[in-house]
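Bear in mind the structure is a predicted one, so any value in this text is a computation, not a measurement. Computed over heavy atoms, backbone and side chain alike; hydrogens, waters and symmetry mates excluded. Every chain is numbered from 1, with letters handed out A, B, ... down the list of sequences.
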There are 2 protein chains.
Amino acid sequence: MWCAPKARPSALSTTGKRGEGMARTIAKDHEAKREAILQTAARFFADHGFDRASMGKLAEACGVSKALIYHYYPSKDALLFDILDTHLTALAEVVEAAAAQSATPQERLRGLIRAVLIAYRDSDAEHKVQLDALSSLPEDKQTHLRALQRRMVGAMSECIEAVEPERFSARPELLRPVTMSVFGMLNWFYLWHRPGGAVDRDAYADIVADLVMGGVPALCVGEAGGLE
Amino acid sequence: MWCAPKARPSALSTTGKRGEGMARTIAKDHEAKREAILQTAARFFADHGFDRASMGKLAEACGVSKALIYHYYPSKDALLFDILDTHLTALAEVVEAAAAQSATPQERLRGLIRAVLIAYRDSDAEHKVQLDALSSLPEDKQTHLRALQRRMVGAMSECIEAVEPERFSARPELLRPVTMSVFGMLNWFYLWHRPGGAVDRDAYADIVADLVMGGVPALCVGEAGGLE
DNA sequence: CCTACCGATCGGTAGG
DNA sequence: CCTACCGATCGGTAGG
């Protein structure tokens, strides 16, 4: 991370034959600094909006120069991608682990919903950035990230289906809307939740779980739901 | 519709007309032009993101000069505000009208949910712009718009409460999270719904209504979930 | 790891 | 002297 070309001995030195000679040690705190930038950037982008947040102001918020950020990331988009990739990868793993728990379907679904909200706790910024800026990424980057989202949706979908298998085998077209309803409830949470309020994340996880588990049996089977 | 500046059947195309000899009147189509700009802008801001959408490109999409847009609106922010104010005012009126219907609480809630989704049908662009850009408006403008949102939330909240008054008087702190859950489901809809799919807006309205009306009685009052 | 810059483009406004 | 507009360009600032 710090190059000192002027101080380096010339190629005439005896070690020159071996090429680079001494291996440049990668700074011990390289990774730590990169991660610090990543986290600060997520917060900064979330607070100001990705487009309005300039790299210069971000550098200021990080307490480093703009050039340093460009030392770690080749572009603003690359920084955004790393934020979202790190976030969604962790999230997909959490969700799939919770979905693989051996328990009753009810307990597993409740645990999964709880796990998502807990995972969101320390990722409000990343979550917001995702909603704000994911679609401004180049298509191939988007494809990769949306695949991670799809893993989450798939795991949730299976857990929901397992709670009422007969109903969803009778009305399979209901599974996707119900799954998306759950994500709607969860992904909307950060917009109205105020820490310290009467309903914390665990309490809200139970509300969501109760609504879906209590509501699915009430889904009207009789009425022909809107086939176009 | 507005993307092709060559053949515009629109109200904005009077520019090229000869019309010599005609006295300049106060444009009869002034209001029509303003509304055309408003609608095109909503679509354009939704598609490209408010910050990335330049006034120049918007003018191009409208088939007019940038200066003409500034003739109607003093600033980009003023245009954004008019989009959101028009949208949210109409929405608040729709919601309050549906909430005032005389019917059983169940029918009223179902009708309200349906009314919101139908109102969203022709306002996907405005809805998206709201989520994308409302918070970038100056504070006083935000305050005015958030008051409109609060009217919607209030009407929905009352309709939900009326379905299970005893439960919510026993656990009043549940009303807000349940209300927000419903808006989460509704406001998330546009992100996954594809027109022509198996579940259209009316069908989804019924799903949401069933989930909340079936789910609220299942909300656990104590510690363990009360599913019967 | 910074200062010094660039090509381009931004939102907004001039004269006529 | 007005309203309704356009071609051209302003001073600043963006990402890099």
Side-chain angles (χ1 to χ4, degrees), chain A residues 1-8 24-34 36-37 40-41 44-45 48-83 133 136-138 141, chain B residues 5 8 10-37 41 44-45 48-83 133 136-138 141:
Chain A
M1 55 175 302
W2 40 280
C3 45
K6 330 177 212 182
R8 233 146 36 128
R24 183 94 48 90
T25 54
I26 294 180
K28 266 190 275 213
D29 54 354
H30 180 103
E31 200 58 15
K33 284 191 180 180
R34 196 191 52 75
I37 290 174
T40 305
F44 195 77
F45 289 160
H48 300 87
F50 178 70
D51 290 315
R52 311 166 84 89
S54 75
M55 292 294 270
K57 292 288 173 58
L58 169 61
E60 213 172 293
C62 291
V64 302
S65 72
K66 196 169 63 168
L68 179 63
I69 298 180
Y70 278 101
H71 171 71
Y72 288 94
Y73 292 100
S75 68
K76 196 185 184 188
D77 271 6
L79 178 51
L80 170 62
F81 177 78
D82 198 14
I83 291 170
S136 71
L137 242 23
K141 301 289 178 68
Chain B
R8 282 164 288 123
S10 76
L12 293 187
S13 59
T14 55
T15 307
K17 279 192 176 173
R18 306 286 294 224
E20 289 143 85
M22 291 186 61
R24 283 214 179 196
T25 60
I26 294 178
K28 281 181 74 175
D29 54 355
H30 180 103
E31 198 59 14
K33 285 188 180 183
R34 195 191 53 73
E35 250 175 63
I37 290 174
F44 194 77
F45 289 161
H48 300 86
F50 179 71
D51 290 316
R52 270 187 305 282
S54 75
M55 292 296 271
K57 292 290 173 57
L58 169 62
E60 212 173 294
C62 290
V64 301
S65 72
K66 197 170 64 167
L68 179 63
I69 298 180
Y70 278 102
H71 171 70
Y72 288 95
Y73 290 100
S75 69
K76 198 185 183 188
D77 271 5
L79 177 50
L80 170 62
F81 178 78
D82 198 14
I83 290 170
S136 71
L137 242 23
K141 301 290 177 71

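Between the CZ atom of B/F45 and the C1' atom of C/dG11 there is a distance of 11 Å, given to the nearest Å. Rounding to whole angstrom units, CG of residue A/D77 and P of D/dG15 are separated by 11 Å. Distance, A/Y72 OH to D/dG16 C1': 18 Å, rounded to whole Å. Straight-line distance from the CZ atom of B/R52 to the P atom of C/dG11: 12 Å, rounded to whole Å. One interatomic measurement links the two molecules: NE2 of B/H48 to P of C/dT9, which rounds to 15 Å at whole-angstrom precision. At whole-Å resolution of the value, CG in B/L79 and P in C/dG12 are 10 Å apart. The CG-C1' distance, from A/L80 to D/dG15, rounds to 14 Å in whole Å. Taking atom CD of residue B/E60 and atom P of nucleotide C/dC10, one finds them 10 Å apart after rounding to whole Å.
Here D/dG15 is the nucleotide among D/dG15, D/dC5, C/dG11 with the atom lying nearest to any side-chain atom of A/Y70.
Under 4.0 angstrom from either OP1 or OP2 of D/dA4 there lies at least one side-chain N or O belonging to B/H71. In terms of phosphate contacts, B/S54 brings a side-chain nitrogen or oxygen within less than 4.0 Å of OP1 or OP2 of C/dC10.
Look at the C1' atom in both C/dA4 and D/dG16: the space between them is 13 Å, to the nearest Å. Taking atom C1' in both D/dA8 and C/dG12, one finds a spacing of 13 Å when rounded to whole Å.
Using a 4.0 Å heavy-atom criterion, one finds that A/A78 contacts no nucleic acid atom at all.
A distance of 12.0 Å separates OG in B/S75 from CD1 in B/I69, rounded to the nearest 0.5 Å. Distance check: A/E60 CD to A/K66 NZ gives 11.5 Å after rounding to the nearest 0.5 Å.
Put simply, the side chain of A/T40 never gets that close to the backbone of A/I37: no donor and acceptor are under 3.5 Å apart.
For A/K66 against D/dG16, a side-chain N or O and a base N or O form a donor-acceptor pair under 3.5 Å.
Side-chain contact check for A/Y72 versus A/L79: every heavy-atom pair is 4.5 Å or farther apart.
Taking the ring centre of A/F50 as origin, the terminal cationic atom of A/K76 falls inside the region bounded by 6.0 Å and 45° from the ring axis.
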